[in-house]
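First comes the structure, then the notes that go with it.
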Number of protein chains: 2
Amino acid sequence: MDAKGKFGQYVAGKGLRHTVQREQIVDIFLATEKHLTIQELYDLVRKKYKSIGYATVSRAVKLMTESGICRRVDFGDGSQRFEHKFGHEHHDHLICVRCGKFVEIYSKRLEKLQEQLVTKHGYVQLYHKMDIFGLCPKCSKKVRGR
Amino acid sequence: MDAKGKFGQYVAGKGLRHTVQREQIVDIFLATEKHLTIQELYDLVRKKYKSIGYATVSRAVKLMTESGICRRVDFGDGSQRFEHKFGHEHHDHLICVRCGKFVEIYSKRLEKLQEQLVTKHGYVQLYHKMDIFGLCPKCSKKVRGR
DNA sequence: TATACTATTGATAATGAATATCAATACCAA
DNA sequence: TTGGTATTGATATTCATTATCAATAGTATA
């Protein structure tokens, strides 16, 4: 099932309605390969559909997050950002604190270790977030070169 | 060096002044083994020292975070919380999404794997955050029992 | 197809947390 | 001491998110 289908199913399953605005917002969100704030998504949506309101975008993001096609990421800059899960496997982030550049990282061994840790404490894992902050190659060179 | 000393050193090193308010706030923060919001810390401080303002608490938390004796934790409930690092080794969190109960987790193997991942991408690690969300033993039993 | 019910929308107000402002005060080096 | 200035506490401001509400638009049913 693709992301859009998953969203539609979630919305229908909750007895909510299908609306053109939601469809437009979801389309634009899924077509953007960035970590967006609500404001940024609102601006993008506005470029194409002039009449959509901020509140509607905000509500749509909330729904998308609940439906599981979107997740909140926190890069520590104080703003809430969201990324979609369309065409992306689960991944974590490695973020440069100097320039903000990031890469998506994934390790099967790490995932397995996490699962073991969870089980050891008797918990059932639902999801996790791991963000590593550091210096990218370029920035670490600059810092050393000072 | 204990946390308070580290804070004092950081403050002095930046050419900032030592004040009784900061000392009182730091003391209360370090004495509390919880993940506090600024508002909660403000309330705690107020119980003992009636005249301290919210802004001062907020500024002190910022300083403590910069000095490295405090770090921000995000349990996904939308509020920013802070924990101190006094008498705590580095750890990550395992949080129950149902009841909010959490445990601090640590694994040397996991830390090593993270470091390897970072190095592989040419980054230099400064710090990381890992939060695993799931169901605690009690809550997972309840859900299954439905 | 028409109708009734109600979720949704967009504009705006309200909320809440963090930050900025500023005059009075307190710290601290000299 | 004293002068320079960082700090404080009260308050205002900012900014993002959420709540409100009348008008609108999905959708099930007749």
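By convention in this document, chain letters (A, B, ...) are assigned in the order of the sequence lines, proteins followed by strands, and residues within each chain are numbered from 1.
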Next item on the list: Decide yes or no for A:His18 and A:Glu23: does some side-chain heavy atom of the first lie under 4.5 Å from some side-chain heavy atom of the second?
Entry: yes
Margin query: How many whole angstroms separate atom CZ of B:Arg22 from atom C1' of D:dG9?
Written below: 14 Å
Check: When the distance from CD1 of B:Ile25 to P of D:dT8 is rounded to whole Å, what number comes out?
Finding: 7 Å
Check: Quick one: B:Gln24 CD to C:dC27 P, roughly how many Å, whole number?
Finding: 11 Å
Margin query: Rounding to an integer number of Å, can you tell me how far B:Asp43 CG sits from C:dA17 P?
Written below: 11 Å
Next item on the list: Ignoring hydrogens and angles, state whether a donor on the side chain of B:His88 or B:Glu83 is under 3.5 Å from an acceptor on the partner side chain.
Entry: no
Next item on the list: Measure the distance from NZ on B:Lys14 to C1' on C:dC27 and round it to the nearest whole Å.
Entry: 18 Å
Checklist line | Distance, rounded to the nearest Å, where A:Ile52 contributes CD1 and C:dT9 contributes P | finding: 8 Å
Next item on the list: Could you tell me the separation between the CG atom of A:Leu41 and the P atom of D:dA16, rounded to a whole number of Å?
Entry: 14 Å
Next item on the list: Compare the minimum distances between each of C:dG10, C:dA11, D:dT8 and the side chain of A:Ser51, then state the nucleotide with the smallest one.
Entry: C:dG10
Item checked: Distance-only side-chain donor-acceptor flag, A:Glu104 / A:His93, under 3.5 Å -> no
Notebook entry, point to check: For the side chain of A:Arg81 and the backbone of A:His35, is there at least one donor-acceptor N/O pair under 3.5 Å apart?
Noted result: yes
Check: Between the side chains of A:Glu66 and A:Tyr10, is a donor N or O closer than 3.5 angstrom to an acceptor N or O?
Finding: yes
Item checked: Length of the line joining A:Leu63:CG and C:dT9:C1', which is rounded to integer Å -> 13 Å
Next item on the list: Any chance you could list the contact pattern along nucleotides 17-30 of chain D? Use B for base contacts, S for sugar-phosphate-only contacts and - for none, protein heavy atoms under 4.0 Å, 5' to 3'.
Entry: BSBB----BBS---
Notebook entry, point to check: Would you call A:Met130 and A:Ile132 a side-chain contact if the rule is heavy atoms closer than 4.5 Å?
Noted result: yes
